[in-house]
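The structure appears right after this line, and notes come after that.
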Amino acid sequence: MKNLTKAALTLLTATAMTSAFAASDDNYSDRIQSTKAGIEALSNTLENMGATVDASVDLNGAYTPSQKEAVYAEKYSDLQDQFDALHAQSAE
């Protein structure tokens, strides 16, 4: 009986850990997809404003979901800075 309880507890723990990791990856995936959409929208807006845009993202060296998310977030930030500067120039 003790072995059955230990086995059930081990299986339950493994299932919970797997679910936690899967949920974490899903969150990263959702955030990455959202950031990709933001990059595309910003690059389209910048091109419509007449700017030259490089929306490419280099994922070399980004192996984990969090590293990939950081690379995409950095590209989004760069495009946002470019948009802000272009918008400020057109407001003058």
Side-chain angles (χ1 to χ4, degrees):
M1 187 70 166
K2 286 185 177 182
N3 288 338
L4 182 61
T5 304
K6 287 180 182 178
L9 184 57
T10 301
L11 180 62
L12 180 62
T13 303
T15 303
M17 290 177 63
T18 302
S19 296
F21 286 123
S24 176
D25 286 346
D26 287 345
N27 289 338
Y28 280 117
S29 179
D30 290 345
R31 289 193 301 258
I32 288 170
Q33 289 303 319
S34 178
T35 306
K36 281 182 178 180
I39 289 169
E40 185 177 346
L42 266 174
S43 66
N44 288 339
T45 301
L46 286 164
E47 286 174 355
N48 289 336
M49 295 172 77
T52 302
V53 180
D54 177 15
S56 62
V57 177
D58 182 12
L59 292 176
N60 286 334
Y63 302 110
T64 66
S66 63
Q67 290 171 333
K68 291 176 183 178
E69 182 184 18
V71 171
Y72 281 109
E74 184 178 345
K75 176 53 83 171
Y76 180 85
S77 179
D78 291 345
L79 291 175
Q80 184 65 51
D81 291 344
Q82 186 178 355
F83 173 81
D84 292 342
L86 190 59
H87 190 266
Q89 286 176 351
S90 66
E92 291 176 351

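We use all heavy atoms of the structure for the numbers below, so side chains are in, but hydrogens, waters and symmetry mates are not. Sequence positions, counted from 1, serve as the residue numbers for this chain.
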side-chain contact (heavy atoms from CB on, under 4.5 Å) between Asp54 and Lys75: does it pass, once the steps are laid out? CA-CA 9 Å; Asp54 177 15; Lys75 176 53 83 171; 4.3 Å; yes
Are Lys68 and Tyr28 side-chain neighbours, meaning at least one heavy-atom pair lies under 4.5 Å?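 A side-chain contact is absent here, since even the closest heavy-atom pair is not under 4.5 Å.
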Is there a side-chain contact between Val71 and Asp58, using heavy atoms and a 4.5 Å cut-off?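 Not in contact.
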Looking at Thr35 and Tyr76, what are the two nearest heavy atoms and their distance? CG2-CB, 4.0 Å
Taking all non-hydrogen atoms of both residues into account, name the closest pair between Val53 and Ser43 and its distance.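 Minimum heavy-atom contact is CG1-CB, 3.5 Å.
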Co-members of the apolar cluster containing Tyr63 [side chain, <4.5 Å]: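 Other cluster members: none.
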Which residues share a side chain to side chain donor-acceptor pair (under 3.5 Å) with Glu69, sequence neighbours left out: Arg31
What distance do [X] atom [atom1] and [Y] atom [atom2] have between them, rounded to the nearest 0.5 Å?
X: Ile32; Y: Ser66; atom1: CD1; atom2: OG; answer: 8.5 Å
X: His87; Y: Thr45; atom1: NE2; atom2: OG1; answer: 11.0 Å
X: Leu86; Y: Asp81; atom1: CG; atom2: CG; answer: 12.5 Å
X: Gln67; Y: Tyr72; atom1: CD; atom2: OH; answer: 13.5 Å

If you count every heavy atom of other residues, nucleotides or ligands that lies below 6.0 Å from Gln80 atom CD, does the total exceed 12? yes
Might you confirm whether atom CD of Glu74 has over 12 heavy atoms from other residues, nucleotides or ligands at distances under 6.0 Å?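 Result for CD/Glu74: open.
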Is the side chain of Gln82 donor-acceptor paired with the backbone N or O of Leu42 at a distance under 3.5 Å, no angle test? no
Stepwise, does the side-chain contact (heavy atoms from CB on, under 4.5 Å) test hold for Leu46 with Leu79? CA-CA 8 Å; Leu46 286 164; Leu79 291 175; 4.0 Å; yes
